[in-house]
Undergrad: 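Quick one: structure below, then a few questions.
No hydrogens, no waters, no symmetry mates; every other heavy atom, side chains included, goes into these values. Each chain gets a letter, A, B and so on, in the order its sequence line appears, and its residues count up from 1.
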4 protein chains.
Amino acid sequence: MKTMRADALRNRAQIVDAARILFITRGPDTPMEDIARAAGVGVGTLYRRFPDRDSLIIAVGQDVVGRLTEMLHAAREAESDAWHALGRYLREWAEIRLGLLYDALCHGMPPAVRADQDLARARDDWADLLDELLRDAKTEGALRQDVDLVDVATFMNLLIQMEPGGTPDKLLDVMIDGLRGP
Amino acid sequence: MKTMRADALRNRAQIVDAARILFITRGPDTPMEDIARAAGVGVGTLYRRFPDRDSLIIAVGQDVVGRLTEMLHAAREAESDAWHALGRYLREWAEIRLGLLYDALCHGMPPAVRADQDLARARDDWADLLDELLRDAKTEGALRQDVDLVDVATFMNLLIQMEPGGTPDKLLDVMIDGLRGP
Amino acid sequence: MKTMRADALRNRAQIVDAARILFITRGPDTPMEDIARAAGVGVGTLYRRFPDRDSLIIAVGQDVVGRLTEMLHAAREAESDAWHALGRYLREWAEIRLGLLYDALCHGMPPAVRADQDLARARDDWADLLDELLRDAKTEGALRQDVDLVDVATFMNLLIQMEPGGTPDKLLDVMIDGLRGP
Amino acid sequence: MKTMRADALRNRAQIVDAARILFITRGPDTPMEDIARAAGVGVGTLYRRFPDRDSLIIAVGQDVVGRLTEMLHAAREAESDAWHALGRYLREWAEIRLGLLYDALCHGMPPAVRADQDLARARDDWADLLDELLRDAKTEGALRQDVDLVDVATFMNLLIQMEPGGTPDKLLDVMIDGLRGP
DNA sequence: GATGAATGAGACTTCATTCAT
DNA sequence: CATGAATGAAGTCTCATTCAT
């Protein structure tokens, strides 16, 4: 594991990418063979990297959480107040359809996925960050007081599960409007 | 079809009921055998009534649309203005988790389901009714002008796909808030 | 399970028969599909009766132990002394190649098989019977004192694992000679 | 083939050693990767030395026959009469669990193995030697007249296939007793 | 007409073998 | 030359659908 061969690394990345997209568009039961084909590798390669479906899901989850965390940092730097950072963040999130968190707590995920420590830690770090953003936005008086992390994550995950080709933008607009305090 | 025996009718109803619930809680891929068992009949009986999975989905869809239509009528009668009728309707809809419309246009449904004329007609009738309600609510000045039937149905279907045990109430609250015009 | 359909019962018996023979001639890893074909049924049928390979092994084991027990009773009735009953029993046993006990204590069997209570009980009953036979034969002064059930069962299982077409008769002869006390 | 590098030779020996042990303890279907790991080399190296599983089996077979031949010579030199040499030989053979001859005639071996001329020759040389030993033991009046090479080899191979941890000693004792003429 | 047994296509996973590094 | 990554054929098991009872 020290030094992974260049092609192996590339394959791994392609697999995770393909899986992330297929998990969203076709669900977490997408045949492994389809994932392999989409990644441009054979099934065997997929199974060498990820001994079973769960470990693939975990890898995708870590990838997703990592990206969400990055995006969150970027949004805060780009905006001066928390409310606008939140809006920007949610819009970007929706745009790239980063899902697979399932109501932010991995409900509905296989036990092995829920038990994974690394993934849990990554998710917690991200959650702390988002929590802070929400708190700040409430302090600013812009965000409803009764809304929490779980509500936001749940909504975003629902949004992302929409059929591709749908137009989530308006829905998100309405929701952000609803998030604004009275 | 003229005269269906009483027990046959009862069987049919039990199957549709069981399927509606299982399609929501366990997804539209729920094994036919599980549906049959939940309905208290054998698989053979299920297949006698519904030659394949698609025709069962269609039957459930008609059932659902029928119920939604009834509920809509009831909501309008119970409330004096369209805005409150809308709110009441959405809350009731969420409560009984009547889904299976998949963003109101049956995206993601098997071709045979999308092609079914009877279901299309029933759905259109219901859509007309909901459209009218939305129009009235806009006329009242209570509903945002840019929101249409598809947005509402899409959101409701997403909501219904949430994990059972989730708390969609707050999400719906926020959304209804967002639906209110400025 | 109360009343099993006639054809289902027949199928079950054919499967166990086919499996018993194939487990001996081609090993316990024989593809399930080959077993199904040899039994004249589809794989699905095989899996309906026996949810996995282990449960099939267990069923075959019970069948085998049952037959061994019957044969042992018959041998004792047919012969007046224990020594000759033993010889007759071992020869008949070898002839029909009833194996799958794997050194009499199911060493080398999958955990699920070793854990099965019914099979363990049946095997213990048979073992008691054979033990008694060995004890009687020792009392008669015909059997070596240092030979026990495990030795005999181990040898028989080895013998049965021989390639079909081999001639185990002479080996058994030599062994029986060796079993005679000095 | 003329000059093989020292490390290549060492690798080859390690592979054959590892394979011999694994073929006995885990059967001739042991994954090639496991054999490679046990030998401390990569699969690629294994396949460079032995283009396929069959050629590895052949190499192990030659190794085993070579050892058996050596042991046989040693036993004859150590004992003055053939009967005791036989007993010593069989006991030593059992102790080191040199198998893979499969009833001495390679029944059950892949065609390519059975067709190998070198292996056949080595096995024949060994067989001649053992045959001679048996003949001498019969001449001495110690060994049953009806026992031949195949019987002995078959028995030894069965014995060696016993679960590791079993106690083949008593079985061998009984068998040697049975081998003694009347 | 109802039942549940049988079928076989298809998904998951492993491993012998090839080939890029 | 050694390595271990990639491949795909083969085996296990599930489930939609058909059909005998």
Side-chain angles (χ1 to χ4, degrees), chain A residues 1 3-12 15 29-37 39-54 56, chain B residues 4-5 7-8 11 29-37 39-56, chain C residues 3-12 15 29-37 39-56, chain D residues 4-5 7-8 11 29-37 39-56:
Chain A
M1 188 60 78
T3 48
M4 215 165 150
R5 248 167 57 178
D7 57 339
L9 263 178
R10 198 175 336 113
N11 276 340
R12 205 200 120 97
I15 292 170
D29 297 334
T30 310
M32 295 299 256
E33 190 148 356
D34 290 2
I35 296 174
R37 187 174 20 259
V41 302
V43 248
T45 304
L46 197 166
Y47 275 96
R48 165 176 284 267
R49 289 299 150 229
F50 306 100
D52 53 24
R53 177 177 291 275
D54 286 349
L56 176 57
Chain B
M4 215 162 153
R5 260 167 46 179
D7 57 341
N11 274 348
D29 297 335
T30 311
M32 296 298 260
E33 192 147 354
D34 290 3
I35 297 174
R37 184 169 29 253
V41 302
V43 252
T45 306
L46 195 165
Y47 273 94
R48 164 168 298 272
R49 293 291 156 240
F50 307 99
D52 54 23
R53 176 178 290 272
D54 286 350
S55 68
L56 175 58
Chain C
T3 49
M4 213 164 153
R5 248 166 58 177
D7 56 340
L9 263 178
R10 200 175 334 112
N11 276 340
R12 204 198 121 96
I15 291 171
D29 298 333
T30 310
M32 295 298 257
E33 190 146 356
D34 291 3
I35 297 174
R37 186 172 23 258
V41 303
V43 248
T45 304
L46 197 166
Y47 276 97
R48 165 176 282 269
R49 290 299 151 229
F50 306 100
D52 53 24
R53 179 178 289 276
D54 286 351
S55 68
L56 176 57
Chain D
M4 216 162 152
R5 263 171 42 182
D7 58 340
N11 274 346
D29 299 333
T30 311
M32 295 298 260
E33 193 148 354
D34 290 4
I35 296 173
R37 185 171 26 255
V41 302
V43 252
T45 305
L46 196 166
Y47 273 92
R48 165 166 296 273
R49 294 290 157 241
F50 307 99
D52 54 23
R53 176 178 289 273
D54 286 351
S55 67
L56 176 56

Undergrad: About how many Å separate CG of B:Leu46 and CD of B:Glu33, when rounded to the nearest 0.5 Å?
TA: 10.5 Å
Undergrad: State which of E:dC12, F:dA6, E:dT7 makes the closest approach to the side chain of A:Pro31.
TA: E:dC12
Undergrad: Within this structure, what is the CG-to-P distance between C:Leu46 and F:dC13, rounded to whole angstrom?
TA: 10 Å
Undergrad: Is any side-chain nitrogen or oxygen of C:Asn11 closer than 4.0 Å to OP1 or OP2 of E:dA5?
TA: no
Undergrad: Between atom CZ in C:Phe50 and atom C1' in F:dC13, what is the gap in whole Å?
TA: 16 Å
Undergrad: What do the steps show when you test D:Met32 against D:Tyr47 for side-chain contact (heavy atoms from CB on, under 4.5 Å), and what is the final call?
TA: CA-CA 9 Å; D:Met32 295 298 260; D:Tyr47 273 92; 3.4 Å; yes
Undergrad: Does B:Asp29 reach a base, just sugar-phosphate, or nothing at all? Heavy atoms under 4.0 Å.
TA: sugar-phosphate
Undergrad: Please work out if D:Val43 contacts a base, only the sugar-phosphate, or nothing of the nucleic acid, heavy-atom cut-off 4.0 Å.
TA: base
Undergrad: Can a salt bridge be assigned to the pair C:Asp34 and C:Arg37 using a cut-off of 4.0 Å between side-chain N and carboxylate O?
TA: yes
Undergrad: To the closest 0.5 Å, what do you measure between CZ (A:Arg53) and CD1 (A:Ile35)?
TA: 5.5 Å
Undergrad: Could you say whether A:Met32 or C:Leu9 is positioned toward the 5' end of DNA chain E, judged by the nucleotide with the nearest heavy atom to each?
TA: C:Leu9
Undergrad: Tell me what A:Arg10 touches on the nucleic acid: a base, only sugar-phosphate, or nothing, going by heavy atoms under 4.0 Å.
TA: nothing
Undergrad: I want to verify a distance call: between F:dC1, F:dT7, F:dT3, whose nearest atom is closest to the D:Arg49 side chain?
TA: F:dC1
Undergrad: What integer distance in Å separates A:Arg37:CZ from F:dG8:C1'?
TA: 13 Å
Undergrad: Is there a side-chain contact between C:Arg53 and the phosphate of F:dT12, meaning an N or O under 4.0 Å from OP1 or OP2?
TA: yes
Undergrad: In this structure, how many angstroms lie between the C1' atom of F:dT12 and the CD1 atom of C:Ile35, rounded?
TA: 11 Å
Undergrad: Within less than 4.0 Å of OP1 or OP2 of F:dT17, is there a side-chain N or O belonging to B:Tyr47?
TA: yes
Undergrad: By nearest nucleotide on DNA chain E, pick out whichever of C:Arg48 and D:Glu33 is the more 5' one.
TA: C:Arg48
Undergrad: Between B:Asp34 (CG) and E:dG4 (P), how many Å, whole number?
TA: 14 Å
Undergrad: Can you tell me how far apart CG (B:Leu56) and CG (B:Asp52) are? Round to the nearest 0.5 Å.
TA: 9.0 Å
Undergrad: C:Thr45 side chain N/O closer than 4.0 Å to the phosphate oxygens (OP1, OP2) of E:dA5?
TA: no
Undergrad: Assign each of B:Pro51 and A:Gly40 to its nearest nucleotide of DNA chain F by heavy atoms, then name whichever residue's nucleotide is nearer the 5' end.
TA: A:Gly40
Undergrad: E:dT13 P sits how many Å from A:Asp54 CG, rounded?
TA: 9 Å
Undergrad: Using the closest heavy atom to pick a nucleotide of DNA chain F for each, name whichever of C:Asp52 or C:Ala6 lands nearer the 5' end.
TA: C:Asp52
Undergrad: Suppose we define a pair by two distances each less than 3.5 Å, Watson-Crick or G-U wobble; what does E:dT21 pair with here?
TA: F:dA2
